[in-house]
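Quick note on labels: first sequence line is chain A, next is B, and so on, each numbered from 1.
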Amino acid sequence: MPEIEKNEGQERYSPAEIEPRWQARWDADAELYRAEDPIAHAGGKPKFYCLEMLPYPSGQLHMGHVRNYSIGDALARFMWMRGYNVLHPMGWDAFGLPAENAAIKNNTPPREWTLSNVAAMRKQMRRMGFSYDWAGTEVTTCQPEYYRWNQWFFLRMYERGLAYRKSSKVNWCPQCCTVLANEQVVNGYCWRHEDTLVEQRELEQWFLRITKYADELLDGLDKLPGWPEKVRTMQRNWIGRSEGTEVEFGVGGDANEKQILRSAQDDNKKGKSGHAGEKIAVFTTRVDTIFGATSIQLAPEHALVKEWAANDSELAKAVETMIAEQKAAKETGDIGNIEKHGVPTGREAVNPFNGERLPIWVANYILADYGTGAIMSVPGHDERDFEFATKYGLPVKRVVAPASSGGASAAAEGAHADSGDLALPYLGEDDAVLVDSGEWTGEASLEAQETMGRFAEERGFGRRTTTFRLKDWGVSRQRYWGTPIPVVYCERCREKHSDDPNAGIVAVPESALPVLLPENVEITQEGGSPLAKLPGFVNTTCPKCGGPARRETDTMDTFVDSSWYFYRYVDAHNAQMPFDSAKVNYWFPIDQYIGGVEHAILHLIYSRFWTKVMRDLGMIRNDEPAERLFTQGMVIKDGAKMSKSKGNVVSPDDMIARYGADATRMYALFAAPPDRDLEWQEEGVAGVSRFLARVHRLVTKFAPVVRTVERGAQDDEITTKAFAAQTPAGANLLRTLHQTIAKITEEFSGRWHFNTCIAAIMILVNEMAAAEAKMDSGEIAAVTIAETARTLVLMLAPFAPFVAAELWEQMGERSGLLREPWPKADAELARESEIEVPVQVNGKLVVVVKLAADADEEAMKAVAQAEEKVRARIAGKTVVKTIVVKGKLVNLVVK
RNA sequence: GCCCGGGUGGUGGAAUCGGCAGACACAGCGGACUUAAAAUCCGCAGACCCGAAAGGGUCGUGGGGGUUCGAGUCCCCCCUCGGGCACCA
């Protein structure tokens with residue numbers, strides 16, 4: 001053996017000195033970056049695309065980001081060491097309102113403000129040591145190089161009818177001075193302004209036809225087992241598919257004038273039209289209960305109600321009150337708890353199934369924008385209808401009964417709520433059958449839904465249909481800082497084809513892209529698109545006829561930007577196309593996407609939609625963007641989510657300055673498992689920092705040993721195993737080492753409980769510290785220490801890359817840590833030779849005995865029974881039963 | 001109201017399969033080192049009771065029941081906190 005030099009470990013751990021030095025080195029030698037084409041140089045390595053959500057460049061990284069990226073970076077580094085070809089990119093969601101607000105406040109142009117924030121945050125991220133390939137993949141969505149492709153996609157969608165313009169009621173936030181998507185309205189309030197109520201305005205807007213993919217977006221969720229069930233459920237609810245039947249009820253005139261009219265059937269036969277032949281379409285998922293309908297309920301906003309209210313001031317007043325009340329309820333937040341009420345319209349509708357005349361009401365619980373805005377009210381089988389009918393004394397009629405009752409509830413006809421068995425509506429079971437339902441009586445409920453739907457279709461007064469809660473995605477924003485919509489409006493073209501309502505809309509040709517967002521724009525809070533005030537931008541020529549035309553002045557929703565940014569990462573500098581399909585097909589789907597659950601429906605549903613559109617354009621092969629999704633918990637401080645308004649924000653810069661980036665990110669992983677909320681406690685960061693100092697001191701001390709051993713090992717060819725066997729203390733240390741490797745490797749590939757990984761590393765370090773003294777006494781071989789120290793540093797690399805790199809170098813290693821293979825656990829070395837077996841009497845712990853790990857059940861039993869404490873406990877009693885679980889425990893049952 | 005998560009020492013959390021509850025930390029306490037402090041190192045530490053101590057006993061994972069030799073873990077009922085949806089016909 002060569003002489004072992006010793007380092008007394010005088011150098012103190014100083015992240016402030018270590019971290020910037022390594023950061024500079026990584027920046028300079030681009031260790032973390034792709035020097036060459038990562039696909040061409042994959043060299044047979046499997047690919048791994050590790051993605052974290054790109055941040056909005058507010059100027060400050062917050063703790064939520066730090067946590068998100070610490071998780072992703074640990075995984076990326078681990079996969080790198082496991083020999084994967086890793087793609088780990090980062091970018092900036094750089095368009096959006098805060099830049100405009102900042103412009104108003106500080107008189108700084110949004111571009112300048114945004115880009116300086118990007119620079120500041122990029123610096124923070126580098127300071128954190130995150131392993132992003134800045135040079136190769138960084139994407140900034142507000143750059144024309146990026147947003148021109150938003151425009152390009154928009155044109156592709158427009159060509160295919162996936163982007164269209166229509167006038168409709170839209171959500172308007174008076175604070176943002178812009179339209180919001182449905183997804184951006186939270187309980188009637190703006191998602192950005194918690195106390196600003198969203199108004200409804202009638203405006204011409206651009207929409208993306210996401211509903212075309214509603215079915216696929218829904219069904220695809222079943223094929224995403226790598227996504228959290230919670231997110232999938234949220235998306236299912238959001239898409240809200242229900243299959244049912246639309247049925248047309250014929251409308252009678254004013255009942256007081258005794259102008260009861262024909263049923264819809266008659267109307268259809270005679271092809272009559274006009275007032276008398278008006279129909280009300282209702283949507284129901286339970287057409288089988290149609291014989292139990294006892295009224296028709298319309299939403300206050302229903303077109304017919306408007307018509308009728310025009311000549312009926314009383315009705316008009318009632319409807320107005322209802323709408324006002326709903327608005328008020330939204331403001332207090334308890335919409336949904338609002339009491340059901342309504343007014344009769346004095347008109348009647350005819351049930352096309354049985355010719356029954358039903359009163360038409362207007363009710364406040366009917367939603368105008370779902371289904372047809374009208375329902376058939378079946379109080380016998382719907383809780384809401386029941387509540388309403390009970391209040392107004394409308395009849396409750398049962399038409400479905402459990403099969404077991406033999407359809408015996410006929411007596412219930414016309415009964416009211418106070419009759420015992422009708423105290424609650426019957427909501428149906430799988431075996432329910434129809435009663436009192438004409439020719440369908442006796443038919444199974446589920447079957448009747450089918451046959452009655454078909455019947456309605458045959459007779460021409462209905463159709464089976466599917467409705468969705470999901471609405472098309474309104475993407476127009478009356479704001480400046482976003483992607484210009486690449487469309488012009490031409491008066492001449494419109495007039496030339498006055499029969500086509502879309503004739504005046506002319507797409508900007510692809511060759512003219514990008515439509516650049518002008519600079520030096522005055523931004524005010526007054527509302528209306530700021531671009532509309534720029535004649536130089538607005539006035540243009542029509543690409544079709546060459547005549548004067550007006551540019552679209554709305555910009556795109558920023559969620560367009562984030563819907564496909566992760567595709568751009570794989571080919572960020574492509575000037576010809578959004579990306580090279582071959583590259584996407586190599587990297588996609590994303591192997592792991594990591595982000596906050598707050599994106600569960602907005603970003604994550606739009607991204608899935610965009611993926612399907614691109615697939616149908618033939619650009620990509622994958623149906624879904626990401627194979628696996630992980631949603632991390634929130635960062636909490638003093639029991640509340642960190643936010644400026646609550647004043648409980650902890651700045652990463654402060655943490656770095658005080659404890660270093662390593663300690664900050666390692667604490668973010670240590671304080672809680674990543675899927676749970678994390679309470680930020682500064683003392684905890686200090687603790688991790690102390691731990692790293694301890695590691696630094698220990699490894700620094702052992703580093704010369706490692707260097708010596710590494711040199712010697714080549715000569716002596718002595719295996720670690722052989723050395724380990726020499727001394728019990730050495731075997732113990734190596735056992736812990738290999739148990740730790742096994743533990744961490746397993747967590748990375750499954751549960752991701754990095755808090756327990758770090759705990760395991762701490763245990764190992766504690767044992768190493770204890771081993772220090774034993775090295776001098778010869779109880780532990782130097783090679784054992786060296787092996788342990790070296791492996792420890794490798795395992796630290798995903799969590800604390802700076803100190804790991806520093807120590808790695810101290811140990812005489814020259815290769816970068818990411819190129820070093822992840823250690824392999826040796827099952828033999830990890831195995832326990834001795835186990836502690838608890839001995840119980842009647843399930844209560846009496847004593848713990850030490851046994852050889854391979855002791856069989858007989859031996860365990862014998863040792864347990866021989867134990868003095870156990871004998872004392874069972875003295876004078878009979879052992880009725882002995883339970884022995886090999887390698888686990890012994891339990892004596894006594895009486 | 002409905003659907004998901006949680007509830008374990010003073011605190012964050014551990015216990016992956018029903019098998020020693022409280023790993024690993026933080027805060028705390030005691031000791032060593034120091035003129036002193038900081039830093040560091042070593043040790044103690046769920047609660048209650050008995051005992052001078054060594055040690056021993058009882059209780060204990062939100063509450064109540066159950067299954068089991070044995071329950072933080074499984075079943076039923078309930079309380080509570082957080083999140084999502086909320087008249088979706």
Side-chain angles (χ1 to χ4, degrees), chain A residues 12 186-187 228-234 236-238 240-242 244 282-287 289 297 299 326 329 334-340 363-367 369-378 381-385 387-388 467-469 597-598 600-601 633-634 636 639 641 667 670-673 675-688 690-691 693-694 697 743 746-747 750-751 753 755-763 765-766 769-770 836-848 869 880-885 887-894:
Chain A
R12 299 247 333 244
V186 182
N187 287 327
E229 191 50 53
K230 180 183 174 147
V231 171
R232 291 194 281 163
T233 306
M234 282 167 74
R236 267 187 210 109
N237 293 339
W238 186 260
R241 176 166 71 192
S242 8
V282 306
F283 175 74
T284 176
T285 54
R286 292 292 306 275
V287 69
T289 64
Q297 303 289 345
Q326 252 166 3
D334 53 11
I335 189 125
N337 295 331
I338 184 168
E339 205 196 327
K340 294 181 188 21
N364 67 339
Y365 70 99
I366 309 305
L367 303 172
D369 58 357
Y370 180 77
T372 59
I375 63 148
M376 62 178 202
S377 176
V378 185
H381 304 288
D382 183 284
E383 287 182 57
R384 291 155 303 170
D385 295 345
E387 191 186 328
F388 191 89
T467 60
F468 293 92
R469 292 183 55 196
V597 73
E598 66 272 17
I601 36 188
M634 290 187 296
I636 303 283
K641 188 180 174 173
Y667 172 75
F670 179 59
D675 52 335
R676 276 220 235 166
D677 287 351
L678 180 155
E679 168 84 31
W680 195 271
Q681 288 177 332
E682 192 166 331
E683 302 78 37
V685 191
V688 172
R690 276 200 296 275
F691 166 73
R694 194 169 139 90
R697 186 188 65 76
K743 159 85 182 162
E746 194 190 335
E747 286 292 349
R751 241 180 18 152
H753 280 200
N755 54 332
T756 61
C757 292
I758 293 166
I761 293 177
M762 286 173 170
I763 293 170
V765 169
N766 289 343
E836 294 190 337
V837 175
V839 180
Q840 302 180 333
V841 172
N842 285 345
K844 282 200 175 179
L845 179 71
V846 175
V847 70
V848 178
K869 275 188 185 168
V880 221
K881 198 171 174 188
T882 307
I883 287 131
V884 184
V885 184
K888 283 277 187 198
L889 98 170
V890 179
N891 186 14
L892 304 171
V893 186
V894 301

Phosphate-side-chain proximity, [X] and [N], N/O vs OP1/OP2 below 4.0 Å:
X: A:Arg690; N: B:A25; answer: no
X: A:Tyr365; N: B:A89; answer: no
X: A:Ser242; N: B:A89; answer: yes
X: A:Arg694; N: B:C41; answer: yes

Quote, to the nearest angstrom, the [atom1] distance that separates [N] from [M].
N: B:A36; M: B:C26; atom1: C1'; result: 27 Å
N: B:G65; M: B:C59; atom1: P; result: 15 Å
N: B:G46; M: B:G28; atom1: C1'; result: 14 Å
N: B:G31; M: B:C81; atom1: C1'; result: 42 Å
N: B:A54; M: B:A39; atom1: P; result: 31 Å
N: B:A37; M: B:A52; atom1: P; result: 35 Å
N: B:G60; M: B:A47; atom1: C1'; result: 7 Å
N: B:U61; M: B:G22; atom1: C1'; result: 9 Å

For this session: Give me the one residue out of A:Thr882, A:Asn842, A:Val841, A:Ile883 that meets side chain to side chain contact (heavy atoms under 4.5 Å, CB included) with A:Asn891.
Result: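 So the option named by the test is A:Ile883.
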For this session: Check A:Phe691 against A:Ile761 and note the closest heavy-atom contact, atom names and distance.
Result: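 Scanning both residues completely, I find the closest heavy atoms to be CZ-CG2, 3.9 Å.
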Using nucleotides 14-19 of chain B, report all nitrogen or oxygen pairs with the protein that are shorter than 3.5 Å.
{"unit_1": "B:A14", "atom_1": "OP1", "unit_2": "A:Asn755", "atom_2": "ND2", "d": "3.0"}
{"unit_1": "B:A14", "atom_1": "OP2", "unit_2": "A:Arg676", "atom_2": "NH2", "d": "3.0"}
{"unit_1": "B:A15", "atom_1": "OP1", "unit_2": "A:Arg751", "atom_2": "NH1", "d": "3.4"}
{"unit_1": "B:A15", "atom_1": "OP1", "unit_2": "A:Arg751", "atom_2": "NH2", "d": "3.0"}
{"unit_1": "B:U16", "atom_1": "N3", "unit_2": "A:Glu746", "atom_2": "OE2", "d": "3.4"}
{"unit_1": "B:G19", "atom_1": "N2", "unit_2": "A:Gln840", "atom_2": "OE1", "d": "3.3"}

Problem set entry | Syn/anti label of B:G9 as read from its glycosidic torsion, with the cut at 90° from 0 |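 Nucleotide B:G9 adopts syn.
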Exercise. Contact class for A:Ile763 (heavy atom, under 4.0 Å): base, sugar-phosphate, or nothing?
Worked result: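 Sugar-phosphate only.
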For this session: Quick one: label A:Phe670 by what it contacts on the DNA or RNA (base, sugar-phosphate, nothing), any heavy atom closer than 4.0 Å.
Result: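 Contact class for A:Phe670: base.
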Problem set entry | Under 3.5 Å donor-acceptor pair, A:Lys230 side-chain atoms to B:C3 base atoms |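 Answer no: no donor N or O sits under 3.5 Å from an acceptor.
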Exercise. Looking at B:A39, B:C24, B:A27, which one has an atom nearest to any side-chain atom of A:Glu683?
Worked result: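 Nearest to the side chain of A:Glu683 among the choices is B:A27.
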For this session: Using Watson-Crick or G-U wobble geometry with both distances below 3.5 Å, tell me the partner of B:G43, or none.
Result: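 Partner of B:G43: B:C29.
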